[in-house]
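Since the structure comes first, as C-alpha cells, the remarks are kept for the end.
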Amino acid sequence: MYRFPSNPARRKVWENRVSRKDWTPTVYSYLCEVHFDSSQFEQGRKDGKKKLKWDASPTLFRHRKAVKKCQRHLGRQQAEVTRDAVNHLASDFWEHSYADVSTQAQPLSIEDPDEFMIDPTSPELDVDQLSSPDFAAMMDRLSKKQKRVETLKAQLYKIKRQKGALQKQKTALEARISKLFRPDQLIALSQRSMRGTQWTSNTVKKSLQLRFACGASGYNLLLQNLHPIPSVRTLQRRMATISFCPGILDQVFTYLQLKVKELCEEERVCCLTLDEMSITPSVEFDPSSGQLLGDVTLPTHSGIATHALVFMLGGVTSRWKQTVAYYFTGNSTDGTVLKPILLEIIGKAHSIGLNVIAVTSDMGNVNRAMWRSFDVSARKHSTTASKTVHPVNSQKNLYFLPDVPHVIKNLKASLVNENVFILPESVVNTNHLSSCKVSVNAVKDLAEFQESCDLKLAPKLTSATLTPSHFEKMKVSNALNLFSNAVASGIWYLVKEEGRKVA
C-alpha cells in the first residue's frame with residue numbers, strides 16, 4: 001500500500017488518475033500496488049524492498065489508459081504509516097472494482113513511496129500551476145529538505161560507526177572487569193548500596209585475604225572507597241559458622257592458608273606455643289553443636305575438665321598469631337599424650353606453607369614430660385638438650401624453649417628471694433663483667449636512693465616490684481620493671497656519679 005502525497009499538487013495527480021466519483025483523498029488515503037505497472041518500481045534493490053520510483057504514478061485503471069511519465073522531478077516524500085491509521089482507512093482502499101483484474105496483486109505490504117510523478121498531459125491538471133511562485137517556493141523547500149536528509153544520513157552513518165566502536169570497548173572493558181570482580185561484586189556495583197548483597201563463598205575468601213593482607217585499617221579504607229567487598233560484620237558472621245569443637249581446628253587451617261599466601265618466606269617462620277589456663281568445672285549444653293561440654297577431651301583421659309590447654313601458632317619475624325587447637329584437661333595429665341598432637345599440628349602447618357621452628361611452653365610438670373618424650377632435657381646436673389630432629393624436614397632441627405614470660409617471672413622471683421646466680425666464666429669473659437655473681441642488692445640500693453628524690457632514675461621501680469603480693473608475682477610487667485633499661489642506667493649512675501660499689 002502506498003499513501004497519497006501530502007503535497008496538494010502531487011496528490012491532485014493521483015486523484016485524477018483514480019477519478020473516483022464523489023471522493024477526495026486525504027493524508028490517510030492509500031492506493032494499492034496493483035495500480036502501478038512494473039516499470040513504476042525500482043529494479044534490482046539489494047534490500048529486496050518493493051518501492052516506487054521517484055517519478056511513479058498510478059496508471060492501471062479500467063476506466064483510464066496508461067499515460068507517459070513526466071520527466072519533471074518532484075523529489076522524495078517519506079511518511080510513516082501507523083497501525084491506527086491503517087485501521088481507520090480500511091474502508092477506503094479495500095475496493096478494487098475499477099482496477100485491472102489481469103494484474104495479479106502481490107501479498108499486502110504497507111510502505112512509504114520514494115518518489116511520485118506529475119503527468120502534465122492530464123486534462124484535470126492545470127499545467128500553469130507548475131510555473132506559479134508558490135510551486136517554485138515549494139520546490140526550493142523540497143530541495144533543502146533533500147539536502148537535510150542527506151546530511152542526516154551521513155550523521156546516522158557516523159553515529160552507527162561510533163556505536164560499533166563503543167560496543168567493542170564495552171565488551172573489552174567487561175572482560176577486564178570480570179577478571180577483577182566476581183559476578184556478585186558486579187551486581188553490588190550496579191546497586192545504590194551493597195547492603196543485602198548475597199556474597200558467594202569465593203568472594204568471602206577473597207575478602208578474607210584482603211583483610212589479612214591489609215589489616216583492619218586498610219580493609220576499612222577499601223570499604224569507605226566503595227569497593228564491592230563484604231563488610232567486616234559479614235566476614236565475622238561467616239567465620240562464626242566455623243566449627244570450634246575441642247581438638248585440632250581443621251577449618252582454621254583452611255582460612256589460615258589464605259593469610260599464608262600473602263606472607264613472604266621470612267614471615268612464614270613461626271613458633272608453636274601451648275599454655276594451660278584454669279576454668280570453672282561445669283558441664284554445659286552447647287546449642288550450636290548440640291553436645292554437652294565440660295568433660296575432659298584430651299585423648300586417654302576422662303573426668304570433669306578443670307583446665308583448658310590451648311595451642312597457638314605465632315609469627316617470629318612478623319606479628320600474627322592464631323589458635324589452631326584446644327583441649328579440656330583435668331588436674332592430672334600425662335605429658336607424653338601431647339607429642340602426637342604437636343606432630344600433627346606441625347604437619348598441618350607445613351602443608352599450608354608455614355615453617356614451625358620452635359615449640360615454647362612453661363616449665364610445668366606436664367610440659368617437661370612432653371619435652372622428655374622428644375629427648376629434650378634441661379636439668380641442673382645433666383647436659384642440656386634443647387632440640388630434636390624436625391619431624392617434617394630431617395635436615396633441620398625443632399627447638400624447645402621455655403616460655404619467655406615465665407622465665408622472666410621465675411628469674412625475678414628468685415632474685416627478690418635473695419637468691420644469687422653464678423655465671424659461667426665464659427660469659428663473664430665475653431661480656432667483660434667484674435664479677436660472676438648476680439644478686440638483687442644493687443637494685444635495692446637504687447630503690448632506696450631514689451625514694452626521696454622528686455625525679456627518679458627508674459620511675460617504675462617501686463616497693464611493689466621488690467616485695468610483690470601473690471597477684472603481683474603473676475604480672476609479667478612487674479618482672480620487666482626489674483630488668484628495664486631505666487634500672488640498668490640508674491645502677492650505672494650510682495657507680496659512676498655516686499661512687500657506690502657493686503656488691
Side-chain angles (χ1 to χ4, degrees), residues 270-278 307-308 310 312 314-321 323 358-365 367-368 378 380 384 386 399-424 426-503:
C270 61
C271 176
L272 176 59
T273 303
L274 61 151
D275 197 8
E276 198 173 42
M277 65 180 71
S278 297
H307 294 78
V310 180
M312 180 181 295
V316 174
T317 62
S318 60
R319 296 186 60 182
W320 64 268
K321 57 185 178 181
T323 300
V359 177
T360 178
S361 64
D362 59 30
M363 298 295 292
N365 294 329
N367 293 328
R368 282 188 290 174
K380 183 177 181 180
T384 300
S386 61
Y399 295 88
F400 288 80
L401 307 174
D403 188 10
V404 175
H406 285 84
V407 171
I408 293 177
K409 288 191 293 184
N410 289 339
L411 287 174
K412 185 251 186 180
S414 297
L415 289 174
V416 170
N417 292 334
E418 303 296 338
N419 292 324
V420 178
F421 292 91
I422 305 298
L423 300 178
S426 59
V427 175
V428 175
N429 296 332
T430 302
N431 296 277
H432 307 288
L433 302 177
S434 60
S435 174
C436 64
K437 296 181 179 181
V438 179
S439 67
V440 77
N441 295 334
V443 180
K444 288 182 177 181
D445 192 13
L446 174 61
E448 293 175 359
F449 173 80
Q450 68 175 12
E451 186 175 357
S452 60
C453 298
D454 294 332
L455 299 177
K456 302 182 184 302
L457 298 174
K460 294 185 179 181
L461 181 62
T462 62
S463 58
T465 305
L466 298 176
T467 57
S469 63
H470 176 72
F471 290 102
E472 294 293 334
K473 291 179 180 179
M474 300 174 62
K475 294 182 178 180
V476 181
S477 59
N478 286 337
L480 291 175
N481 291 337
L482 185 67
F483 300 105
S484 64
N485 290 331
V487 172
S489 301
I491 295 174
W492 182 263
Y493 175 82
L494 292 181
V495 173
K496 293 298 183 180
E497 301 298 334
E498 300 296 330
R500 303 292 180 93
K501 293 183 179 181
V502 180

Exercise. Checking side-chain contact (heavy atoms from CB on, under 4.5 Å) for the pair Thr465/Val416: CA distance, chi angles, key distance, verdict?
Worked result: CA-CA 9 Å; Thr465 305; Val416 170; over 6 Å; no

Problem set entry | Evaluation steps, side-chain contact (heavy atoms from CB on, under 4.5 Å), between Val427 and Thr430 | CA-CA 5 Å; Val427 175; Thr430 302; 5.8 Å; no

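The shortest side-chain heavy-atom distance between Lys412 and Pro468 falls under the 4.5 Å cut-off. In this structure the side chain of Thr360 reaches within 4.5 angstrom of the side chain of Thr273, judged on heavy atoms.
With sequence neighbours left out, the side-chain hydrogen bond (donor to acceptor under 3.5 Å, both in side chains) criterion links Ser318 to Trp320. Here Ile422 pairs with Val420, Cys436, Lys437 under the side chain to side chain contact (heavy atoms under 4.5 Å, CB included) rule; sequence neighbours left out. The side-chain hydrogen bond (donor to acceptor under 3.5 Å, both in side chains) search around Glu418 returns Lys444, not counting sequence neighbours. Residues satisfying the side chain to side chain contact (heavy atoms under 4.5 Å, CB included) test with Ile408, not counting sequence neighbours, are Val404, Ala479, Leu480, Phe483. Annotation: side-chain hydrogen bond (donor to acceptor under 3.5 Å, both in side chains) contacts of Gln450 (sequence neighbours excluded): none.
How far NZ of Lys409 is from OG of Ser414: 13.0 Å, rounded to the nearest 0.5 Å. Atoms CG and CD, from Asp362 and Glu276 in turn, are 8.0 Å apart once rounded to the nearest 0.5 Å. How far OG of Ser435 is from CG of Leu433: 8.5 Å, rounded to the nearest 0.5 Å. Asn365 CG to Arg368 CZ: the interatomic distance, rounded to the nearest 0.5 Å, is 5.0 Å. Atom OG of Ser477 sits about 12.5 Å away from atom CG of Leu482, to the nearest 0.5 Å. To the nearest 0.5 Å, atom CZ of residue Phe400 and atom OG of residue Ser361 are 8.5 Å apart.
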Quiz: residues 485-498 side-chain donor-acceptor pairs under 3.5 angstrom, not counting sequence neighbours:
{"unit_1": "Ser489", "atom_1": "OG", "unit_2": "Asn485", "atom_2": "O", "d": "3.0"}
{"unit_1": "Tyr493", "atom_1": "OH", "unit_2": "Glu498", "atom_2": "OE2", "d": "3.4"}

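Between Leu415 and the choices Val440, Asn410, Asn441, the side chain to side chain contact (heavy atoms under 4.5 Å, CB included) rule is met once, by Val440.
Within 6.0 Å of NZ in Lys460 there are 12 or fewer heavy atoms belonging to other residues, nucleotides or ligands. Summarising the local packing, CE of Met474 is surrounded by 12 or fewer heavy atoms from other residues, nucleotides or ligands at distances under 6.0 Å.
In plain terms, the two heavy atoms of Cys453 and Lys456 that are nearest each other are O-NZ, 3.2 Å.
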